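Model, not experiment: these values are computed from the prediction.
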Amino acid sequence: MFADYRNNMTLKELDYRTGDHIEVSLLWSPESGQLAVVVVDEAAGEEFAMEVEPSEAMEVFRHPFAYTHKRQIEFRRPLVSQAA
């Protein structure tokens with residue numbers, strides 16, 4: 001599962017965009033070849049990731065919310081306030 005990406009995996013950010021309190025990143029692991037779209041939604045106060053195939057990576061990157069119901073979310077968690 002790509003959710004293990006924080007444990008001993010080198011990640012390269014292939015693309016990034018931000019707008020309307022939402023940050024979207026397209027990440028790639030050279031070791032495993034896996035791709036994932038990671039979304040940080042500050043307005044909703046959560047973060048999630050979806051593993052994607054190379055053929056769909058840019059489409060999911062551009063429209064991640066359109067794909068959340070079609071696939072397993074690798075992780076979903078509330079954002080932790082930096083001002084604790």
Within-4.5 Å side-chain heavy-atom neighbours: Y67 and F61: no

Expected output: side-chain D20 to main-chain I22 donor-acceptor under 3.5 Å: no

Worked verdict on E23 versus T18 for side-chain hydrogen bond (donor to acceptor under 3.5 Å, both in side chains): CA-CA 4 Å; E23 297 178 30; T18 185; 5.0 Å; no

Any donor-acceptor N/O pair, E59 side chain to E56 backbone, under 3.5 Å: no

Considering all heavy atoms, the nearest A49-V38 contact: CB-CG2, 3.9 Å

V37 versus A57, closest heavy-atom pair with distance: CG2-O, 4.3 Å

Side-chain touch L27/L14, heavy atoms, less than 4.5 angstrom: no

Nearest atoms (heavy-atom pairs only) where S25 meets Y16: OG-CD1, 3.4 Å

Donor + acceptor pair across side chains of Q34, S29 (<3.5 Å): no

Check: R17 side chain, R62 main-chain N or O, donor-acceptor pair, under 3.5 Å: yes

Minimal non-hydrogen separation, P64 against V39, with atom names: CB-CG2, 3.7 Å

Side-chain heavy atoms of M50 within contact of T68, under 4.5 Å: yes

